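This report refers to the structure that appears directly beneath it.
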Number of protein chains: 4
Amino acid sequence: MASSTARGSSGTVKLRADAARNRTQVLAAARTAFRELGTAAPLDEIARRAGVNIATLYRRFPDRDALIRQVVVDGFTLVLQAAQAALQSAEQDPLGAIENYLLQVVDQRDLIVLPLAGGPVTDDPEANALQQQIAAALDELIATARTKGAIRTDVTAVDLTITSVLICRPMPYLPTEDATALVTRHARIFIAGLAPGAAQPLPAPPAYEDITSRHLSQTI
Amino acid sequence: MASSTARGSSGTVKLRADAARNRTQVLAAARTAFRELGTAAPLDEIARRAGVNIATLYRRFPDRDALIRQVVVDGFTLVLQAAQAALQSAEQDPLGAIENYLLQVVDQRDLIVLPLAGGPVTDDPEANALQQQIAAALDELIATARTKGAIRTDVTAVDLTITSVLICRPMPYLPTEDATALVTRHARIFIAGLAPGAAQPLPAPPAYEDITSRHLSQTI
Amino acid sequence: MASSTARGSSGTVKLRADAARNRTQVLAAARTAFRELGTAAPLDEIARRAGVNIATLYRRFPDRDALIRQVVVDGFTLVLQAAQAALQSAEQDPLGAIENYLLQVVDQRDLIVLPLAGGPVTDDPEANALQQQIAAALDELIATARTKGAIRTDVTAVDLTITSVLICRPMPYLPTEDATALVTRHARIFIAGLAPGAAQPLPAPPAYEDITSRHLSQTI
Amino acid sequence: MASSTARGSSGTVKLRADAARNRTQVLAAARTAFRELGTAAPLDEIARRAGVNIATLYRRFPDRDALIRQVVVDGFTLVLQAAQAALQSAEQDPLGAIENYLLQVVDQRDLIVLPLAGGPVTDDPEANALQQQIAAALDELIATARTKGAIRTDVTAVDLTITSVLICRPMPYLPTEDATALVTRHARIFIAGLAPGAAQPLPAPPAYEDITSRHLSQTI
DNA sequence: GATGAATGAGTTTTCATTCAT
DNA sequence: AATGAATGAAAACTCATTCAT
């Protein structure tokens, strides 16, 4: 999928084997470079890490934005998979399903580059579509849990969204294991806070529409 | 303070009025530029936003690092104040004190630029000192709360630290109010999760020392 | 004028002496480079010829277009001066005035870089204004000459315009003197052809409006 | 001819049908690209316009020069045909023959890419030969006309040459019909100026030898 | 014979930093 | 103290050319 095809003017096309390999390597290098250096990371540094010539990078991704977009789409795909996997067990164990979702996001946070300081994600249709699917899945997850009385009634899918974003923010100067350990703890405490009866009611979240499209496309 | 003095070879000196004003403006511009563009934001862009010449910026801050350092120190100062303020009420209402701390950080998150992707904070003695004071205050806050049985026993000051970091991460493409609303909700749920009896015990956090000094100076 | 001022967002500003000198040199270098290599001439080659750093060139002219535009405007200015000078003697000697105009353009053709292959002139207001003044002056020149019966009645100002363009086209691989000699002869024959009674009536020219604005701005 | 053969080490060879078609398309694309963008036009842009792969272009034309050379030779061929056609009627109507020549050049100017700013034509034997034949034909045309007293005695074949060059210069930003109309008028006026008795004697042209070979090969 | 792909060598453009006013 | 200006070095981007399929 993302790793072996490219979109041209006439839809998705199959790449030659070596080209597909290069494309994958560039994306992997971009992912880590973006996390370490921000989305303004030098493109030739990315090419170097990927072991390809800078012009090869440009052949696959005509500009920085195209590269960012694909990295983001790849990340969104993983998030969607986590959400859909969680839905499987939502009926039996709603809170556990939410926990599974968040912890899976934590585990894969190195691969999930949500838009960072330094560069917007333009309105990419693929990203937008994924985003809506994620929202739908999280909505269902929350609805199921609420129906079963497994979570506070004032928690919404938006809260899972923003938590996903925060969890995935890179912390470049912490060793990966430490960052993961800290974020895991954070997620666990957050999940505990989802349980009903615990606390004061939450203030109203912004309307989902207000943070969608352009805006949310930037942050998850 | 930070806005009207500068450290030279002979210690802190009083600036001329216009110079002090320029310095303040540069710091404000840097703060927002860092949040929007990352700490690699062009220095002349910062000068432009501050309405001063690039050479004037250089006169105040010999290099990018000096500028970052001061912005971070200003942010740390605010965090420390929030922590110390919270300590005042810790005896009477420990969980409320923690809540006060976190919500105050949320409220001021626009002013708190904790180190971002794109540039490390070098070992600044002033930043390090503040960081230790923050750690001490949060330690005391947690200790008091734990003694009073107001929080789960497996929660530590480190959890407050990492939460502060996550809360303050910029979300450049969300309108400020929306970002704040979302983060506020996140903080409230997290705080609820701090209450005792709620959940499964947490995994052990990394040793505080492991994430301190160079490392933590980068992430809080 | 063009050599010592620059237009910023707040109108025309006086340049520092050294900056003005650099600006002039860059324009001179651009003029010849454009004639020799086309408007796609490497900008660093132009900077080199001007004896300034490439970044200095960019400081004065934010992109290639700005540079082209100014070179064109400078050329248009010379053409306008030639047309207005010719008007002085139009009453006494109409055909001689036209001849003076064309031969003056020939003489200065090295300084007159009318838009060349390789780069459009965007709709620059200054260029457009000059162009209209040129058209007005040539119109008057032709009208006077026609009234006096000094030229064929089917000749129009457009014919002078297009002739100016052709005359000024660079011939990079001819020695300057040869090119000038050849073009001078060409102009003289053309002028002879303007006399009345000589030849068959010409086919109608395109409407002036049709070749004005965007279009004519490209060719004179 | 030019469109269906290629010169290899063993002389001219017949191309396979598809190869010949590709070659023709490349030449046509090159012709327009050169007129629009100058002879420095990107080769892959030319390949794109021709609908062939860049490597296919290279197979036919080993370098840019070979491509330019063929385009120029094709143009020279058309010019020669026009000159020779004009010679047919030179005896009966000398001035009409000259007019026929120039107007035919005007009509075909889109197909005639005489060397442009941006790149020299190397000394191609085929081009040189054509050029000499053109010069001979124009010489004869002028000689005949002069003998018959149909033109001014100070006009030479060089004047026809330079006029041909000027006429053919591309005016990329004018609609083709407008450009042609304007140039047609220009040519008609010029032709009128050729008639005897009209004007002051012209200054001497540069010696034919001085502008021949390398130089003239660049400009006609 | 044709093409997708890769690359090295430019060229353009930006930016941190220093200098002269 | 502040600014306009200049510059070297880096980064973005393009393009001619060759190679493998």
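Nothing here was measured: the structure is a model prediction, and the numbers come from that model. Every chain is numbered from 1 and lettered A, B, ... according to where its sequence line falls, protein lines coming before strand lines. The basis for the numbers below is simple: all heavy atoms, side chains too, and nothing from hydrogens, waters or symmetry mates.
Here the nucleotide nearest the side chain of C:Thr56, chosen from F:dA1, F:dA6, E:dA2, is F:dA6.
Listed by chain and number, the residues in a side chain to side chain contact (heavy atoms under 4.5 Å, CB included) with D:Arg31 are D:Ala28, D:Val71, D:Asp74, D:Leu111, D:Val113 (sequence neighbours excluded). Taking C:Arg49 as the reference, C:Glu36, C:Glu45 meet the salt bridge (Lys or Arg N to Asp or Glu O under 4.0 Å) condition, with sequence neighbours excluded. Legend: residues meeting salt bridge (Lys or Arg N to Asp or Glu O under 4.0 Å) with C:Arg64, ordered by chain and number and at least two apart, are absent. Remark: C:Asp18 engages C:Arg16 in a side-chain hydrogen bond (donor to acceptor under 3.5 Å, both in side chains) (not counting sequence neighbours).
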Nucleotide pairing, DNA chain F (Watson-Crick or G-U, distances under 3.5 Å), in dot-bracket with [ ] and |:
.||||||||||||||||||||

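For B:Gln25 and F:dA2, the CD to P distance is 11 Å, given to the nearest whole Å. Counting to the nearest Å, the P atom of E:dC15 and the CG atom of B:Leu57 are 15 Å from each other. Distance CZ (D:Arg48) to P (E:dA2): 20 Å, rounded to an integer number of Å. Straight-line distance from the CZ atom of A:Phe61 to the P atom of E:dA5: 13 Å, rounded to whole Å. The CZ-P distance, from A:Arg59 to E:dG8, rounds to 15 Å in whole Å. Rounded to an integer number of Å, the gap from CD1 of C:Ile68 to C1' of E:dT12 is 14 Å.
Phosphate proximity of E:dA5 to A:Arg21: absent, as no side-chain N or O sits under 4.0 Å from OP1 or OP2. Side-chain N/O atoms of D:Asn22 include none lying less than 4.0 angstrom from OP1 or OP2 on E:dG1.
Under the 3.5 Å distance criterion, the side-chain polar atoms of C:Asp63 are matched with a main-chain donor or acceptor of C:Ala66. The closest donor-acceptor contact from the side chain of A:Thr56 to the backbone of A:Val52 lies at 3.5 Å or more, if one exists at all. In this structure, D:Arg60 contributes its side chain and D:Val26 its backbone to no donor-acceptor pair below 3.5 Å. Distance alone, capped at 3.5 Å, places no donor-acceptor pair between the C:Arg35 side chain and the C:Ala30 backbone.
At least one side-chain heavy atom of B:Tyr58 sits under 4.5 Å from a side-chain heavy atom of B:Leu43.
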Polar atom pairs (N or O), protein with nucleotides 16-20 of chain E, under 3.5 Å:
unit_1 : atom_1 : unit_2  : atom_2 : d
E:dA16 : OP1    : B:Leu43 : N      : 3.2
E:dA16 : OP1    : B:Arg64 : NH2    : 2.6
E:dA16 : OP2    : B:Leu43 : N      : 2.9
E:dT17 : OP2    : B:Tyr58 : OH     : 2.7
E:dT17 : O5'    : B:Tyr58 : OH     : 3.4

